[in-house]
2 protein chains.
Amino acid sequence: MIGRNCIVRLSRYKNALYQFKKLGVVKIFSDNLAEAVNVTASQVRKDFSIFGISGNKRGGYQVEVLIEQLKDILGKNEVQKAVIVGAGNIGRALMNYTGFEKEGITIVAAFDIDPHKFNEQANVPIFGIDKLNSFISNNKITIGIIAVPAVAAQQVLDLMEHAGVKGVLNFAPISLRANNNIVVNNINLELELENLIYYINASARTKE
Amino acid sequence: MIGRNCIVRLSRYKNALYQFKKLGVVKIFSDNLAEAVNVTASQVRKDFSIFGISGNKRGGYQVEVLIEQLKDILGKNEVQKAVIVGAGNIGRALMNYTGFEKEGITIVAAFDIDPHKFNEQANVPIFGIDKLNSFISNNKITIGIIAVPAVAAQQVLDLMEHAGVKGVLNFAPISLRANNNIVVNNINLELELENLIYYINASARTKE
DNA sequence: CATATTTTGTGAAATATTTCACTAAACAAT
DNA sequence: ATTGTTTAGTGAAATATTTCACAAAATATG
């Protein structure tokens with residue numbers, strides 16, 4: 001199985017390529033990409049070789065072609081539907097976040113436990129959590145986003161898993177437990193900050 | 001230098017330990033922690049050994065002591081001040097996010113380019129971006145959070161770096177370039193979703 | 001057209017990370 | 001006390017990841 005870091009790099013390459021394309025760049029070399037993404041050129045070539053992406057010796061890679069190949073590997077050829085559970089700060093921000101559409105993900109509904117937050121007329125309608133299960137199965141939702149407090153997160157994951165969601169993005173600051181029918185990616189803001197502080201301190205120590 | 005994954009695991013151990021503590025657990029073994037965090041028991045022990053954390057053979061580790069040791073390593077013994085640049089969806093969500101306080105980080109101000117968003121009276125006041133530099137130096141801000149669109153992100157980072165910020169949490173979906181006076185952690189929501197989709201597809205392929 | 005240069009693709013080497021497996025310490029039981 | 005059991009600590013082994021270095025292909029140059 002291919003490591004997560006490798007897949008993350010592919011995404012970064014693709015991002016960088018979009019920028020190069022915007023600047024009118026047509027042909028690119030491994031070292032240009034490497035610099036843009038902060039890795040070595042052989043890392044870039046090795047990553048590509050793993051997925052059978054090939055360029056031309058002395059000719060580099062065609063930006064357009066490479067983008068398509070990466071899109072293909074990263075699997076965004078059909079639009080996927082997602083729901084958010086939790087209409088708090090983070091949940092609401094994600095409902096209005098435009099970056100997901102660009103990536104082929106549409107957020108079609110949100111769910112919360114608090115009736116004051118219900119709003120079936122909104123752009124992204126907010127329903128009661130009791131509707132989650134039927135909504136997911138009726139609308140063939142593949143992706144769930146968890147934006148509830150830590151205590152409720154495991155329960156929400158179980159609901160989603162049971163309803164047939166295939167992948168979950170979890171914003172609750174807790175390690176969730178899932179069987180291997182479902183993929184869970186954690187985005188833990190507190191952990192990221194803590195991590196940042198560690199490296200700030202480490203870098204201060206190094207300079208002494 | 002110690003790998004990022006290792007530091008991330010330390011944070012996860014600490015999180016798990018808080019939960020155990022809440023349940024009244026006093027003494028814990030490497031395999032309990034391992035299970036909670038989804039790693040092997042020897043990974044736990046190896047991680048601890050790197051940082052000179054030791055327990056008792058057959059007696060495991062004292063939950064309270066372990067939490068303190070981890071807090072110490074992760075460096076959260078003094079409250080740090082942070083500012084947010086960008087008062088859009090993500091920026092506003094982060095201003096109201098209560099999880100940071102718990103981790104010893106206080107968000108003291110936000111900055112935006114749009115005068116409609118200015119609000120010096122708010123709980124977290126929102127100023128014009130032109131005030132960023134002086135605010136950071138006058139208030140000895142160590143942490144910056146970038147929540148602006150991708151095109152503006154590099155510029156904001158440069159401003160922060162120049163003003164003396166030590167670490168940055170970047171939410172803009174772009175690879176930023178910084179010299180090594182400053183630590184940058186990226187949280188790229190689009191990339192995480194893309195990554196999730198890759199693994200959903202990969203897991204579907206495996207099952208065929 | 002021949003030669004020089006550049007850049008890919010990739011095994012092999014070097015590093016880094018994780019797991020294994022065993023020793024010894026701590027505690028429990030008899 | 002002695003014996004048995006559990007679990008930390010840790011070198012060594014196994015894996016995984018990254019970098020090196022060079023042959024071969026593509027293009028440029030004279």
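Residue numbering restarts at 1 for every chain, and letters A, B, ... go by the order of the sequence lines.
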Each nucleotide in nucleotides 1-9 of chain D should get exactly one letter: B, S or -. Can you fill that in based on protein heavy atoms under 4.0 Å?
---BBBBBB
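Rounded to whole Å, the distance from NZ on A/K27 to P on D/dA26 is 14 Å. Summarising the geometry, the separation between CD on B/Q43 and P on D/dT15 is reported as 16 Å, rounded to the nearest angstrom. Counting to the nearest Å, the C1' atom of C/dT7 and the CD atom of A/Q62 are 14 Å from each other. If you measure from atom CD1 of A/I7 to atom P of D/dT17, you get 11 Å, rounded to the nearest angstrom. In this structure, B/R9 places its CZ atom 8 Å from P of C/dT19, rounding to the nearest Å. Remark: C1' of C/dT18 and CD1 of B/I2 are 16 Å apart, rounded to the nearest angstrom. The nearest whole Å value for the distance from the CZ atom in B/R4 to the C1' atom in C/dT18 is 19 Å.
Taking A/N89 as the reference, A/R92, B/A93, B/N96 meet the side-chain contact (heavy atoms from CB on, under 4.5 Å) condition, with sequence neighbours excluded. With sequence neighbours left out, the salt bridge (Lys or Arg N to Asp or Glu O under 4.0 Å) criterion links B/K102 to A/E190.
Side-chain contact check for B/N56 and B/Y61: no donor-acceptor pair (N or O, by modelled atom type) lies under 3.5 Å. Between the side chains of A/N170 and A/N185, no donor-acceptor pair of N or O atoms lies under 3.5 Å.
Using modelled atom types, one side-chain atom of B/N138 and one backbone atom of B/S134 make a donor-acceptor pair closer than 3.5 Å.
The side chain of A/T40 places an N or O atom within less than 4.0 Å of a non-bridging phosphate oxygen (OP1 or OP2) of D/dT19.
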